[in-house]
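Have a look at the structure below before the remarks.
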Amino acid sequence: MTMAPLPGAELVQKPLQLYRYLLRCCKQLPTENIQQHYRHAIKQSFRVHADEDSPERIQQIIKRAMEDADWVMNK
């Protein structure tokens, strides 16, 4: 079974939009333990990259996070 990206995936352009999108994706995961694991990982990664100020690097991070989210949602 393949899960489609949540509505609005194509609109994610900024870090806060990405953060909110990924947390919404977590709600689609099958068990509470898995949801907690990915919520924690998202929050940790957001903190690690909070001081990033290069627009190119931010777009790279967003692109990679969206690809990773697709992979997690489809595994």
How long is the gap from CD on Gln59 to CZ on Arg64, to the nearest 0.5 Å?
-> 15.5 Å

Ile58, Leu16: one ILVMFWY side-chain cluster at the under-4.5 Å cut-off?
-> yes

Smallest separation among heavy atoms of Asn74 and Asp70, with atom names = ND2-O, 2.9 Å

For the residue pair Ala69 and Leu22, what are the closest heavy atoms and their distance?
-> CB-CD2, 3.6 Å

Same cluster (ILVMFWY, side-chain, under 4.5 Å), Met73 and Trp71 | yes

Separation of Ile62 CD1 from Arg57 CZ (nearest 0.5 Å) | 11.0 Å

Can you check whether Met66 reaches Leu18 side chain to side chain, under 4.5 Å on heavy atoms?
-> yes

Between the main-chain N or O of Gln13 and the side-chain N or O of Gln17, is there a donor-acceptor pair closer than 3.5 Å?
-> yes

Residue pair Ile61 / Glu52, side-chain heavy-atom distance below 4.5 Å = yes

Cut-off 3.5 Å, no hydrogens considered: what does the side-chain donor-acceptor table look like for residues 33-44, sequence neighbours left out?
residue	atom	partner	partner atom	Å
Gln35	NE2	Leu29	O	2.8
Arg39	NH2	Glu32	OE2	3.1

